[in-house]
Amino acid sequence: MTSSRMNGADLLCETLLANDVDMCFANPGTSEMHFVAALDRQPRMRCVLGLFEGVVTGAADGYARMADKPAATLLHLGPGLANGLANLHNAKRARTPMVNVVGEHATYHLDYDAPLHSDIESLARPMSQWVERAASADAVGERTEEAIRAAYAKGGQIATLILHADAAWNETTKGVPQPIAREAQKQPDAALIREAADALRAGKTTTILVSGMALRERELALLDRVASKTGARLMAQQANGRMQRGAGRVQVDRVPYVIDQAVAKFADTEQVILISAKAPVGFFAYPNKPSSMLPEDCRVIDMVELDTDIAAAVAALADEIGVAGVEPQLAPRFTPEAATGKLTPEGIAVALAHHVPADAIVCDESVSSGRDFFRITYGSEPHDFLQLTGGAIGVGLPLATGASIACPDRKVVALQADGSGMYTLQALWTQARERCDVVTIIFNNRRYNILLGELKHVGAGAPGENASRMLNIDDPALDWVALAKGMGVEAARTDTAEGFADLLQTACSRPGPFLIEALI
Ligand SMILES: Cc1ncc(C[n+]2csc(CCOP(=O)(O)OP(=O)(O)O)c2C)c(N)n1
Ligand SMILES: [Mg+2]
């Protein structure tokens with residue numbers, strides 16, 4: 001592309017590409033037409049359409065978690081952005097880097113209060129760490145560079161660039177952009193590493209609680225050796241963006257979701273060392289239960305700041321402790337005995353342990369059905385595990401779609417609760433269109449099962465007529481096979497453990513999207 005013919009939209013596209021952002025998940029409108037035209041002139045940019053903005057932002061999240069680099073999204077003014085916010089919230093919680101481009105009216109059109117006009121900044125800010133406008137074609141390049149820098153900063157952030165239509169369509173005087181120099185990650189703070197090491201050597205009951213980049217295979221192996229040497233317990237945060245697990249890797253448990261179980265886990269913990277993790281708190285408050293899961297006098301050492309090079313910090317801690325000669329304890333390949341009879345969540349987990357292929361990506365939004373998954377699959381083939389991170393349901397199917405687009409050679413298995421799946425089921429259409437290699441398992445219990453439990457936990461008693469109608473989704477029953485087929489995804493249904501194992505094995509051994517409706 002020659003600079004003389006570039007408009008602001010071209011400059012945006014070229015700036016993204018110059019910085020290796022070559023994936024754009026989109027749902028455009030009129031104000032973004034010049035950006036769409038610019039994408040058309042630049043075949044190096046891959047564009048994937050989502051039929052709802054929650055699919056767009058969730059897919060961008062899944063993509064970045066696997067690609068370790070941001071995708072761009074294209075969203076239509078305030079309402080388009082607003083439709084995508086819940087999954088931006090999840091992405092923010094996962095520390096996913098992302099560059100959102102939100103179209104906006106031409107600068108001079110704002111005065112007319114046209115129907116789609118809204119306060120975009122106010123919508124963007126809660127779910128974005130960086131929000132700016134590009135109001136002229138010449139400003140677009142610099143703003144885009146700032147957005148990319150912001151996306152990579154502090155371990156991964158959401159950057160939202162508001163692009164005025166006239167900034168997109170006017171010609172720019174700027175030339176073809178060069179890649180920007182990104183800020184280097186901070187080296188670990190030697191004093192903090194020493195403080196953590198001293199604590200580990202103090203003979204106290206200690207948990208090393210990890211998340212983020214500390215959940216990669218190599219870092220977990222090092223931390224396991226640190227834990228073995230010092231007698232500490234290694235544990236993962238309850239919800240994590242990405243975790244490497246399975247046979248040949250360290251077996252790491254997560255903080256339980258259920259408050260009583262979590263409090264019990266930490267009951268005699270005297271110290272917690274946080275590595276890229278947060279001190280554990282209840283997902284919600286419950287009457288007469290604590291908000292923090294840690295005992296009151298538990299010492300908390302936060303070993304790394306957000307923008308620290310986590311791999312370097314873990315290596316420094318291992319050095320300081322001295323782990324030479326300590327072998328990591330790696331999970332052996334292990335498959336539980338095959339399940340039989342009526343299909344249960346446990347039976348599904350057993351089949352996963354048998355049939356999920358090596359190097360798969362497992363995306364988990366199984367909500368109440370997935371609680372035994374870890375225990376049963378420690379010895380499954382090694383895989384990456386991506387989770388719902390911000391509690392805003394409706395990320396599972398988009399997440400799997402984005403992960404598959406980032407890693408087309410790997411099988412993706414989506415564990416999807418039925419109620420949550422209905423939020424963004426349009427992702428199945430994108431999977432079919434992009435030929436994504438995704439096996440979706442719908443845990444069809446025909447209810448918001450977790451909420452039936454929560455009703456009890458908050459002390460509200462048994463559900464009556466109105467409560468039942470808000471927690472059961474069985475009338476009419478959703479036909480997931482028909483829904484999937486309607487969007488171009490092959491599907492089948494089963495209610496037995498044997499039938500499920502057969503379907504899973506078949507689905508895992510053929511390419512392309514497939515959905516299994518598991519009646520549990
Ligand atoms: C965006 C959003 N809306 C609503 C909720 C409240 N909520 C939590 S779980 C849930 C239903 C879960 O049902 P399902 O996905 O079928 O999982 P199950 O509990 O049956 O395992 C709802 C509505 C939420 N967490 N996020
Ligand atoms: Mg359900």
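One-based numbering, in listed order, for ligands and for the atoms of each.
- Under the 3.5 Å distance criterion, the side-chain polar atoms of T430 are matched with a main-chain donor or acceptor of L49.
- Only one option out of I158, L161, I162 pairs with N100 in a side chain to side chain contact (heavy atoms under 4.5 Å, CB included); it is I158.
- Residue S368 does not count as close to the Mg ion (ligand 2), with no N, O or S atom under 2.8 Å.
- Between I450 and ligand 1, at least one pair of N/O atoms sits closer than 3.5 Å.
- Contact annotation: for L451 versus ligand 1, heavy atoms closer than 4.0 Å belong to the side chain alone.
- Residue contacts with ligand 1: S366 is included, with a non-hydrogen atom under 4.0 Å away.
- Here the side chain of S128 pairs no donor or acceptor atom with the backbone of R125 at under 3.5 angstrom.
- Shown in contact with G391 at under 4.0 Å from a heavy atom are these atoms of ligand 1, numbered in order with element: 24 (C), 25 (N), 26 (N).
- Heavy-atom contacts of N449 reach the following atoms of ligand 1: 18 (P), 19 (O), 20 (O) (cutoff under 4.0 Å).
- Within 6.0 Å of CZ in R469 there are 12 or fewer heavy atoms belonging to other residues, nucleotides or ligands.
- Residue R447: an N/O/S atom is found under 2.8 Å from the Mg ion (ligand 2).
- When hydrogens are left out, the protein atom nearest atom 21 (O) of ligand 1 is S368 OG, 2.6 Å; that is the closest non-hydrogen contact.
- Nearest protein neighbour of atom 17 (O) of ligand 1, counting heavy atoms only, is A417 CB, 3.3 Å.
- Considering both main-chain and side-chain atoms, A392 never comes within under 3.5 Å of ligand 1 through any nitrogen or oxygen pair.
- Contact annotation for N445 and ligand 1: only side-chain heavy atoms (C-beta onward) come within less than 4.0 Å of the ligand.
- Heavy-atom proximity to G419, at under 4.0 Å, picks out these atoms of ligand 1: 14 (P), 15 (O), 16 (O).
- Using a cutoff of 4.0 Å between basic side-chain nitrogens and carboxylate oxygens, D22 and K69 are scored as salt-bridged.
- One N or O on the side chain of R333 and one on the backbone of G379 form a donor-acceptor pair closer than 3.5 Å.
- Checking atom 24 (C) of ligand 1 against the protein gives a heavy-atom contact under 4.0 Å.
- Panel note: side chain R447, backbone S468; no donor-acceptor pair is recorded below 3.5 Å.
- The option with the heavy atom closest to atom 22 (C) of ligand 1, from among L452, I393, I442, is I393.
- Residue K278 qualifies as open at atom NZ: its count of foreign heavy atoms under 6.0 Å is 12 or below.
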Please report the C-alpha distance between T377 and R245 in whole Å, then the side-chain angles of each, then the deciding distance to 0.1 Å, and finally whether the side-chain hydrogen bond (donor to acceptor under 3.5 Å, both in side chains) criterion is met.
-> CA-CA 9 Å; T377 57; R245 62 188 303 275; 2.9 Å; yes
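- Contacts between A86 and ligand 1, counted as non-hydrogen atom pairs separated by less than 4.0 Å, are absent for every part of the residue.
- Residue contacts with ligand 1, taken as heavy atom pairs separated by less than 4.0 Å, involve R447 solely via the backbone atoms N, CA, C and O.
- At the shortest separation from atom 16 (O) of ligand 1 among protein heavy atoms lies D418 OD1, 2.6 Å.
- Taking the charged nitrogens against the carboxylate oxygens, R143 and E146 do have a contact shorter than 4.0 Å, which makes a salt bridge.
- The pair E434-R46 meets the salt-bridge criterion, with a side-chain N (NZ, NE, NH1 or NH2) lying under 4.0 Å from an Asp/Glu carboxylate O.
- Taking the six-membered ring for Trp and the full ring otherwise, Y257 and F283 have centroids separated by under 6.0 Å.
- The closest approach between Y423 and ligand 1 falls below 4.0 Å for a heavy atom of the residue.
- The atom of D418 that is an N, O or S and sits closest to the Mg ion (ligand 2) is OD1.
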